[in-house]
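Only heavy atoms go into these numbers, but all of them, side chains included; no hydrogens, no water, no symmetry mates. Ligands are counted one by one from 1 in listed order, and the atoms in each one are counted from 1 as well. These numbers were taken from a predicted model, which means no experiment stands behind them.
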Amino acid sequence: MSFPKHVRLVEVGPRDGLQNESQPITTATKLELIERLAAAGHRYIEAASFVSPKWVPQMADHREVVQALMQGGQARPGVTYSALTPNLKGLEAALECGIQEVAVFGAASESFSQKNINCSIAESLERFTPVVERALAEGVRVRGYVSCVLGCPYEGDIDPGQVASVSRALYAMGCYEVSLGDTIGTGTPLKAKRMLETVARDIPIDKLAAHFHDTYGQALANLYAVLEEGISVIDSSVAGLGGCPYAKGAAGNVASEDVVYLLNGLGIDSGVDLDKLAATGDWITQTIGRPNRSKAGVALTSR
Ligand SMILES: CC(C)(COP(=O)([O-])OP(=O)([O-])OC[C@H]1O[C@@H](n2cnc3c(N)ncnc32)[C@H](O)[C@@H]1OP(=O)([O-])[O-])[C@@H](O)C(=O)NCCC(=O)NCCSC(=O)C[C@@](C)(O)CC(=O)[O-]
């Protein structure tokens, strides 16, 4: 067993963490969250989502958020701020706001693809191709997501071969990294390992990321399992905020504080200050009136 020395964390709290909140959250609160996360040491922050406001109302202020960061002087040097762009319309808007990095998001499940982005897997890949081409032509890097890699809310079990096939397509298209999403958190460590082994036959392991939700309390165990396999990029959300609007009952992402606590214990550097991160989790959950789902965060802030 050998773990990586360093893990790159992708903080998805401002996007995945907040997208499902039904109460309006002000742009100022979102920007303060992003700044606090950067101050805690996060170097990759998913800040917004250029999707239809009819589909995901909470992300309707994507322009204001990204403009404030990239054109309003609120971005920190050395931090990459990214946004989801499901189509050319979203990409064009994100480029106008000066975005540094974007992500396209597909699924390994046909039903989830239809519910989430209103098209089949094949249609989504066709739609992403010009998005990736245009972004790369503008010097903007593109990340790819695959949802439902360990289970689908509509179809149940998903064949790892299907995960590998969609991941391959995104990687071949020009995505520099493919993030593997256990959207509904049904995965368990052996399942996660097997899925990863299948995908890593075609894509170098250092081009893959783990994006695990914690619905069944398995996310940290799953992360430990894929760290053993060589994963060195982990997506997480401060205070375990989040859920997917198109996966009813799905809990938030694994909490960033819990991941940093795990990594610290394994002697793996993430560059993130756990106390500052825990204070950020405490602040955002109090601000938006949500329970803090990070066990490490709650333990640290109640000392
Ligand atoms: C993809 C679409 C837009 C297709 O939606 P559609 O209805 O098929 O698109 P359309 O092209 O027919 O357009 C319909 C309307 O949407 C507008 N529109 C069209 N595109 C945009 C855009 N980019 N930005 C703003 N507006 C847009 C467009 O202008 C039009 O407006 P209208 O004429 O009706 O007023 C829609 O299905 C959508 O927005 N879906 C959002 C899904 C989403 O955000 N899901 C959550 C994120 S994914 C996730 O959480 C999983 C992940 C990544 O975290 C990994 C994991 O955990 O699994």
key: Pair Ser256, Glu11: side-chain N/O donor-acceptor within cut-off below 3.5 Å   = yes
key: Short N-O contact, Glu35 and Arg76, less than 4.0 angstrom   = yes
ask   = Which option out of Arg143, Lys89, Gln114 puts a heavy atom nearest to atom 18 (N) of ligand 1?
value = Lys89
ask   = Which residue supplies the protein heavy atom nearest to atom 31 (O) of ligand 1, what is that atom called, and how far is it?
value = Lys54 NZ, 4.2 Å
query = So which bit of Thr183 gets within less than 4.0 Å of ligand 1, heavy atoms only: side chain, backbone, both or neither?
reply = both
request  = Begin from the C-alpha positions of Glu177 and Arg141 and carry the test salt bridge (Lys or Arg N to Asp or Glu O under 4.0 Å) through to its verdict.
outcome  = CA-CA 10 Å; Glu177 178 172 286; Arg141 295 206 308 169; over 6 Å; no
remark   = Closest heavy-atom approach to atom 39 (O) of ligand 1 among Ser49, Ser52, Cys152 is made by Ser52
key: Any Met59 heavy atom less than 4.0 Å to ligand 1   = no
request  = Run the numbers for me: atoms of ligand 1, each under 4.0 Å from some heavy atom of Ser147, listed by number.
outcome  = 51 (C), 55 (C), 56 (C), 58 (O)
task = Indicate whether any N or O donor in one side chain lies under 3.5 Å from an N or O acceptor in the other, for His213 and Asp182.
result = no
request  = Check the pair Glu155 / Ser111 against side-chain hydrogen bond (donor to acceptor under 3.5 Å, both in side chains), numbers first and verdict last.
outcome  = CA-CA 7 Å; Glu155 296 180 13; Ser111 316; 2.5 Å; yes
query = What atoms of ligand 1 come closer than 4.0 angstrom to any heavy atom of Asp16?
reply = 50 (O), 54 (O)
key: Closest approach of Ile45 to Ile34 (non-hydrogen atoms, all atoms of both residues)   = CD1-O, 3.7 Å
remark   = re atom 4 (C) of ligand 1, the protein heavy-atom contact at minimum distance is Ile117 O, 3.8 Å
inquiry  = Counting only heavy atoms, tell me which of Asn118, Leu91, Asn20, Val51 gets closest to atom 25 (C) of ligand 1.
reply    = Val51
message = If you take the nearest heavy atom of each of Tyr145, Phe105, Trp55, which one is closest to atom 38 (C) of ligand 1?
response = Trp55
key: Heavy-atom side-chain contact between Leu95 and Arg134 under 4.5 Å   = yes
remark   = Here the atoms of ligand 1 under 4.0 Å from any heavy atom belonging to Arg15 are 47 (C), 49 (C), 50 (O), 52 (C), 53 (C), 54 (O)
query = Does atom 14 (C) of ligand 1 have a protein heavy-atom neighbour under 4.0 Å away?
reply = no
key: Atoms of ligand 1 close to Gly90 [distance to a heavy atom under 4.0 angstrom, numbered from 1]   = 23 (N)
message = Under 4.0 Å and counting heavy atoms only, is there anything from the protein next to atom 35 (O) of ligand 1?
response = yes
request  = Quick one: do Asp214 and Lys295 satisfy salt bridge (Lys or Arg N to Asp or Glu O under 4.0 Å)? Show the steps, please.
outcome  = CA-CA 12 Å; Asp214 203 28; Lys295 290 206 166 166; over 6 Å; no
query = How about atom 11 (O) of ligand 1: does it have a protein heavy atom within less than 4.0 Å?
reply = no
query = Hey, which atoms in ligand 1 end up nearer than 4.0 Å to a heavy atom of His211?
reply = 54 (O), 55 (C), 56 (C), 57 (O)
remark   = residues 183-198 vs side chain to side chain donor-acceptor pair (under 3.5 Å), sequence neighbours excluded, gives Asp157-Lys191, Lys193-Glu228
message = For His211 and Tyr145, take the angle between the two ring planes, folded into 0 to 90°, and tell me which bin it lands in: parallel under 30, tilted 30 to 60, perpendicular over 60.
response = perpendicular
ask   = Does any pair with a residue in residues 278-303 pass ring-ring contact (aromatic ring centres under 6.0 Å, His included), and if so which ones, sequence neighbours excluded?
value = none
message = Below 3.5 Å, N or O to N or O, backbone or side chain included: is there any such pair between Phe50 and ligand 1?
response = yes
Atom 50 (O) of ligand 1 [closest protein heavy-atom partner, distance rounded to 0.1 Å] = Gln19 NE2, 2.9 Å
inquiry  = Is there a side-chain hydrogen bond (donor to acceptor under 3.5 Å, both in side chains) between Asp282 and Gln286? Walk through the geometry before answering.
reply    = CA-CA 6 Å; Asp282 188 46; Gln286 293 199 31; 3.2 Å; yes
note = Checking heavy-atom distances from atom 45 (N) of ligand 1 to each of Ile184, Leu150, Asn116, the winner is Asn116
ask   = Which atoms of ligand 1 have any heavy atom of His213 under 4.0 Å away?
value = 57 (O)
inquiry  = Taking the basic N atoms (NZ, or NE/NH1/NH2) and the acidic carboxylate oxygens, is any pair closer than 4.0 Å for Glu32 and Arg36?
reply    = yes
task = Ignoring hydrogens, just give me the one of Asn87, Val149, Val12 whose non-hydrogen atom is nearest atom 3 (C) of ligand 1.
result = Asn87
ask   = Under 3.5 Å, is there a donor-acceptor pair linking the side chains of Ser237 and Asp16?
value = no
ask   = Are any of the protein's heavy atoms under 4.0 angstrom from atom 41 (C) of ligand 1, yes or no?
value = yes
inquiry  = Protein heavy atoms near atom 58 (O) of ligand 1, is at least one of them under 4.0 angstrom away?
reply    = yes
